[in-house]
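Beneath this line is the structure, given in structure tokens, with notes to follow.
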Amino acid sequence: DWARRTYRAVTADSKISKYLEINIGAPVMYLEELYHLAGNRPVEFTRAWINAEIFHITTKIKRSDEIKDPNSLYK
């Protein structure tokens, strides 16, 4: 039904640098996702580390979505 994603800039430790084939200390994006079924029941949790050199975010924002969301900064 819905998911929450959290991105955080971190540096690669020895394990992550090996998996991503980058230097230790290189910038990476750490992602956590928690997916929910209807009724807010959590169903899946994901953790991912993404090489910051290839990381891009694209968003589409619609004003009508912000107005409908009571937690939105814009009302």
Side-chain angles (χ1 to χ4, degrees):
D1 190 46
W2 67 279
R4 179 174 308 256
R5 288 183 176 157
T6 302
Y7 295 93
R8 187 174 48 174
V10 298
T11 56
D13 61 16
S14 59
K15 185 176 179 180
I16 298 304
S17 66
K18 180 180 176 183
Y19 287 132
L20 295 180
E21 298 178 352
I22 58 177
N23 292 329
I24 293 173
V28 294
M29 292 303 296
Y30 172 68
L31 166 64
E32 283 187 359
E33 297 176 305
L34 182 57
Y35 292 85
H36 296 79
L37 297 174
N40 291 329
R41 194 173 111 206
V43 67
E44 180 182 338
F45 179 70
T46 302
R47 294 186 320 172
W49 289 262
I50 306 159
N51 183 341
E53 290 185 9
I54 60 170
F55 180 78
H56 295 87
I57 296 177
T58 301
T59 7
K60 179 180 178 181
I61 301 169
K62 292 173 51 178
R63 179 74 175 140
S64 60
D65 291 341
E66 293 173 346
I67 293 168
K68 292 176 195 173
D69 183 357
N71 297 315
S72 173
L73 294 175
Y74 306 101
K75 299 199 173 74

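When the side chains of ILVMFWY residues are joined at heavy-atom separations under 4.5 Å, either directly or via intervening members, Ile16 and Met29 end up in two distinct hydrophobic clusters. Following chains of ILVMFWY side-chain contacts shorter than 4.5 Å, one can reach Ile50 starting from Ile57, so the two form part of one hydrophobic cluster. One hydrophobic cluster, built from ILVMFWY side chains closer than 4.5 Å, holds both Phe55 and Leu31. In the hydrophobic clustering of this structure, Ile22 groups with Val10; members are Ile, Leu, Val, Met, Phe, Trp, Tyr whose side-chain heavy atoms approach within less than 4.5 Å, directly or through other members. Criterion: ILVMFWY side-chain heavy atoms under 4.5 Å apart, direct or through other members. Under it, Leu37 and Tyr35 are part of a common hydrophobic cluster.
Of the options Arg5, Arg47, Glu44, a side-chain contact (heavy atoms from CB on, under 4.5 Å) to Glu33 is made by Arg5 and by none of the others.
More than 12 heavy atoms of other residues, nucleotides or ligands sit less than 6.0 Å from atom CZ of Phe45.
Heavy atoms only, all atoms of each residue included: Pro42 and Leu34 are closest at CB-CD1, 4.0 Å. Residues Ser17 and Ile24 come closest through the heavy atom pair OG-CG1, 3.3 Å.
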*Quick one: do Tyr30 and Thr6 satisfy side-chain contact (heavy atoms from CB on, under 4.5 Å)? Show the steps, please.*
CA-CA 8 Å; Tyr30 172 68; Thr6 302; over 6 Å; no
